[in-house]
Trainee: 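Have a look at the structure that comes next, please.
The basis for the numbers below is simple: all heavy atoms, side chains too, and nothing from hydrogens, waters or symmetry mates. Chain identifiers are assigned alphabetically (A, B, ...) following the order of the sequence lines, protein sequences preceding nucleic acid strands; residue numbering begins at 1 within each chain.
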Amino acid sequence: MNLKRSLGWLVFLAVLAVWIFLAQGMAGKIGAASLEGLVRVFSWPAFGYLLLGNLIGFAVGMLPGLGGPVTMALMLGFAFQLKMDAVEAFSFLLGMMAVTATTGDITSILFGIPGEGSTASTIVEGHPMAKKGEAGRALGASLMSSLMGALIGAGAIAVAIPIVTPLVLAMGTPEFFMLTVAGVTFVGALSGGSVVKGLAAGGLGFMFSLVGLDMQTATERYTFGTMYLWGGGETGGAGIGLVPATVGLFAIPEIIDLATKGGSIAQAHVGRLGGVLQGVKDAFRHWWLVARCSAMGTYIGIIPGMGGPVSQWVAYAHAMQSSGKHDRVGTGVIEGVVGPGAANNSTLGGALIPTIAFGIPGNVTTAILLGAFLVLGLRPGTSMLTKDLDVTFSLVWVLVVSNVITVSVCFLFLNQLARLTRIKGTLLIPPLLLFIYLGSYTHTNSFGDILVTLVFGALGWLMVVFDWSRPALLLGLVLGRLADNYLWITYSRYDFGFITRPGVLIILCVILASIAFPVIRDRRRQRAAETAP
Amino acid sequence: MSSRRLSIAFTGALFLVMAWALWEASAWELQASLMAWLIGLPTAALLAVQLAREILGRPERAVPVEGDEPGLLDPSLAEQEAEPLDPAEERRRTARIIGWILGFAAAIWLVGFQFGIGLATLLYLKSAGERWLTVAGITVAVLAGVVLVFDCGMHIFFAEGKLFAWSGLTTTPLFNSFCYQVTSPFKG
């Protein structure tokens with residue numbers, strides 16, 4: 001045990017030394033970009049959009065049945081319709097996403113219904129606390145640990161920049177092509193479910209991205225002779241608009257689910273909430289647990305295909321195990337509230353690291369955000385770590401500022417906010433359909449956008465019914481155009497000899513490992529389940 | 001049709017689409033078709049494998065995953081889950097909402113965004129058994145949102161509904177004039 005711990009410290013010190021070495025040369029640049037990013041977030045109208053995003057995220061997080069990624073997909077179109085610049089758009093979109101996990105905890109604790117998929121674990125200990133009359137304490141602990149987790153997750157992006165920058169700068173077009181393939185493969189293979197289906201869905205996404213007029217050769221690809229599918233829209237000539245497709249894939253199936261399950265909004269009555277300050281103290285008392293769970297959340301966020309739904313349960317298991325109270329599961333153990341609260345908020349920061357550096361999103365949210373990067377003319381990788389470093393830092397600041405604002409507002413208006421969850425599900429459907437159709441229509445202001453949304457809505461719903469990976473398909477669609485360009489440049493320059501480049505071979509090995517890993521893991525689990533008594 | 005057959009039909013349809021996509025790409029020059037071949041061929045192979053698996057009755061078995069669902073960690077949580085719906089009722093509700101999703105789109109196409117959304121909202125809420133006051137309140141809020149925020153505020157161009165276009169009527173001047181009246185005090 002001591003040897004293991006010493007080895008751990010040794011690795012930590014080695015990483016720290018490497019980081020200090022790498023950061024030394026970039027310190028001035030990072031400092032200036034960080035300051036500029038902060039100024040841009042607080043400038044007008046970016047700050048106004050951030051507040052608007054926070055407000056929407058607030059409601060979405062609290063309302064069960066309405067997911068953060070869906071709302072982000074819905075709002076994507078408006079960000080472009082309002083002609084926002086990069087920082088304004090991210091203040092709005094990321095500001096919205098950054099707070100959903102925080103407010104989702106409120107519904108989980110008060111009503112035992114997860115406000116967000118990533119806040120389900122908070123129910124296990126948080127809801128029993130509410131039943132015992134300690135709702136205020138549970139909420140105080142959850143909100144404060146969420147804030148601490150979000151700050152650690154945001155800090156992780158800043159810390160990662162000096163490490164990933166030299167890596168990204170050493171890459172060429174062949175490596176970037178392989179990275180786009182790796183991104184889709186990771187999400188397809190690792191996001192749970194069937195590996196074959198996940199990879200096939202990613203491939204289908206790539207194929208959908210080819211629809212449109214090929215700008216290099218003027219070849220009509222899968223356009224059926226219709227001008228609408230020629231493209232020229234925001235995805236750089238792609239025939240299928242990212243916004244209508246994303247809205248269809250994610251929002252339509254959610255609407256069907258919401259309407260089929262009936263009113264999923266909480267009906268129980270909640271009295272006045274007290275003991276919030278005690279909960280805040282609990283979060284500080286367990287600061288080391290908060291730090292550990294935040295680190296876990298960040299790490300899981302970096303791994304493509306994972307994210308909040310996984311990190312919360314890992315953190316919960318760790319919190320209960322380390323508390324020594326595993327015999328009291330489900331009775332209202334405060335550590336079981338603090339741990340997941342920190343983890344699910346730090347995950348977003350972690351997921352942004354591979355998205356910014358390599359264009360490989362860690363989860364659905366960052367896959368949609370990656371689409372926003374491309375539409376706004378930002379290329380993940382070299383430019384976001386050099387030329388647009390201030391924009392990258394503005395993302396960090398949006399995470400920090402949004403969480404500080406949200407947690408402060410939550411503390412001030414907790415009692416009033418709890419009433420939001422009593423809205424009936426049926427009343428939400430017309431406004432949601434309005435946003436779905438308006439959001440997609442703003443792509444080219446034509447009815448064709450709505451048809452694309454309906455087609456992708458049907459596809460998305462069938463994929464949900466038959467358990468196919470929608471994030472993999474979306475990522476293929478987002479990265480397909482980039483991959484097409486990279487592939488042609490690579491082929492023109494190296495022919496198929498590019499495959500022997502060391503960087504390409506390394507990425508290829510990682511891709512193969514990512515495919516083999518879930519297969520081996522599932523076989524082991526299957527065998528263990530079969531041999532278990 | 002059983003769910004297995006439906007699943008086979010879905011996978012089969014995807015495979016056919018992919019096969020058609022590859023056949024179509026064979027007519028393009030290399031630069032335009034390179035990506036389609038490089039990605040399309042393995043994707044078609046994967047779809048064929050999946051289709052064969054489903055036809056042979058060897059779907060991937062469910063693998064127990066730690067923390068996959070709350071009930072695994074806390075049995076009491078399973079009780080908090082909503083009671084499962086009767087499959088017939090679930091099918092009825094699904095068909096109904098799909099009908100409404102298409103209905104909203106049809107209304108927008110026929111009478112334009114502003115009137116279409118308002119009309120569909122009113123009909124949907126009334127058919128869901130809501131009180132007239134609630135129906136009117138939400139319909140007005142939705143209409144106001146479309147007209148004031150998106151039309152007058154964001155100047156989104158809303159195409160004329162087909163019914164108006166066919167009958168030679170136009171609603172655009174009506175909304176333009178309304179927006180002018182609303183926004184002129186702010187323009188000084």
Side-chain angles (χ1 to χ4, degrees), chain A residues 81-82 112-113 120-121 123-124 127 192 194 196-197 199-200 203-204 206-207 210 214 216-217 219 221-222 252 255-256 259-262 264 310 313-314 316-317 329-330 426-427 429-431 433-434 437-438 441-442 445-447 450 454 457 462 466 480 483-484 487-488 491 522 525-526 529, chain B residues 6-7 10-11 14 18 21 24 28-29 31-32 34-36 38-40 42-43 46-47 49-50 53 60-61 63-65 67 70 73-74 76-77 80 82 85 90 93-94 96-98 100-102 104-105 108-109 113 117 120-121 124-125 128 130 134 138 142 145-146 150 154 156-157 159:
Chain A
Q81 185 67 34
L82 287 167
I113 301 165
S121 65
I123 297 173
V124 185
H127 191 52
S194 162
V196 175
K197 283 180 175 177
L199 295 175
L204 281 167
F206 267 133
M207 295 301 280
L210 297 182
D214 178 38
Q216 316 295 327
T217 61
T219 307
R221 299 192 289 196
Y222 313 121
I252 298 272
I255 288 265
I256 295 173
T260 309
K261 284 183 180 159
S264 63
V310 176
W313 289 109
V314 173
Y316 173 74
V329 166
T426 46
L427 302 185
I429 286 176
L433 280 171
L434 164 69
Y437 289 131
L438 258 177
Y441 180 80
T442 52
N445 289 358
S446 104
F447 196 76
I450 291 178
L454 288 174
L462 289 170
F466 299 118
D484 193 20
L487 177 64
W488 181 247
Y491 179 76
D522 288 356
R525 280 189 185 149
Q526 195 74 54
Chain B
L6 287 172
S7 179
F10 180 64
T11 311
L14 292 180
M18 187 52 71
E24 185 90 343
W28 307 337
E29 55 187 277
Q31 184 173 352
L34 190 60
M35 180 79 170
L38 204 70
I39 299 294
T43 305
L46 286 166
L47 286 168
V49 168
Q50 182 60 30
R53 259 182 177 170
E60 266 169 78
R61 287 171 292 183
V63 178
V65 181
L73 286 166
D74 175 23
S76 67
L77 267 177
Q80 294 170 16
L85 266 177
E90 194 175 338
R93 287 188 190 179
T94 306
R96 185 171 179 271
I97 187 64
I98 289 174
W100 277 111
I101 289 170
L102 294 174
F104 268 70
I108 292 167
W109 185 66
F113 236 106
I117 283 285
T121 300
Y124 173 81
L125 290 174
E130 294 299 334
T134 313
I138 292 179
V142 163
V146 175
F150 298 105
M154 288 166 68
I156 293 176
F157 167 75

Trainee: Quick check: closest heavy atoms across A:Ala483 and B:Met35, and the distance to 0.1 Å?
Mentor: CB-CE, 3.5 Å
Trainee: Apply the test side chain to side chain contact (heavy atoms under 4.5 Å, CB included) to residues B:Thr121 and A:Leu433: give CA-CA distance (whole Å), side-chain angles for both, the deciding distance (0.1 Å), then the verdict.
Mentor: CA-CA 9 Å; B:Thr121 300; A:Leu433 280 171; over 6 Å; no
Trainee: For the atom pair CZ (A:Phe466) and CG (B:Leu6), what is the distance rounded to the nearest 0.5 Å?
Mentor: 5.0 Å
Trainee: Between A:Ile256, A:Ile255, A:Ile252, A:Leu438, which residue shows the highest count of heavy-atom pairs closer than 4.5 Å to chain B?
Mentor: A:Leu438
Trainee: Which residues satisfy the side-chain hydrogen bond (donor to acceptor under 3.5 Å, both in side chains) test with B:Thr11, sequence neighbours excluded?
Mentor: B:Glu54
Trainee: I need the A:Leu434 CG to B:Ile138 CD1 distance, nearest 0.5 Å.
Mentor: 12.5 Å
Trainee: Would you mind telling me which of A:Asp214, A:Leu199, A:Thr217 has the largest number of heavy-atom pairs within less than 4.5 Å of chain B?
Mentor: A:Thr217
Trainee: Roughly how far, to the nearest 0.5 Å, is the CZ atom of B:Phe113 from the CD1 atom of A:Ile450?
Mentor: 4.5 Å
Trainee: Can you tell me how far apart CG (A:Leu462) and CG (B:Leu14) are? Round to the nearest 0.5 Å.
Mentor: 8.5 Å
Trainee: For the interface with chain A, which of B:Phe157, B:Trp100, B:Phe10 has the highest count of heavy-atom pairs at distances below 4.5 Å?
Mentor: B:Phe10
Trainee: Answer yes if the ring centres of A:Tyr222 and B:Trp28 are under 6.0 angstrom apart, and no otherwise.
Mentor: yes
Trainee: Over all heavy atoms of both residues, which pair between B:Ala105 and A:Tyr437 is shortest? Give the atoms and the distance, please.
Mentor: CB-OH, 3.7 Å
Trainee: If you count heavy-atom pairs within less than 4.5 Å of chain A, which of B:Val49, B:Thr94, B:Leu47, B:Leu102 leads?
Mentor: B:Thr94
Trainee: B:Ala32 and A:Thr219: which non-hydrogen atoms are nearest, and at how many Å?
Mentor: CB-OG1, 3.7 Å
Trainee: Calculate, to the nearest 0.5 Å, the distance between atoms CD and OG1 belonging to B:Glu130 and A:Thr426 respectively.
Mentor: 4.0 Å
Trainee: Is it the side chain or the backbone of B:Phe104 that comes within 4.5 Å of chain A heavy atoms, both, or neither?
Mentor: both
Trainee: Please look at B:Tyr124 and chain A and tell me whether the side chain, the backbone, both or neither of the residue comes under 4.5 angstrom of a heavy atom of that chain.
Mentor: side chain
Trainee: Could you tell me the separation between the CD atom of B:Gln50 and the NZ atom of A:Lys197, rounded to the nearest 0.5 Å?
Mentor: 5.0 Å
Trainee: Just wondering, do A:Ile429 and B:Leu125 contact through their side chains at under 4.5 Å, heavy atoms?
Mentor: no
Trainee: Please identify each residue that fulfils side-chain hydrogen bond (donor to acceptor under 3.5 Å, both in side chains) with A:Ser446, with sequence neighbours left out.
Mentor: none
Trainee: Does any backbone or side-chain atom of A:Leu210 lie under 4.5 Å from a heavy atom of chain B? Answer side chain, backbone, both or neither.
Mentor: side chain
Trainee: For the residue pair A:Ser194 and B:Arg53, what are the closest heavy atoms and their distance?
Mentor: OG-NH1, 4.3 Å
Trainee: Just so I know, are the side chains of B:Leu34 and A:Tyr491 near enough to count as touching, which here means a heavy-atom distance under 4.5 Å?
Mentor: yes
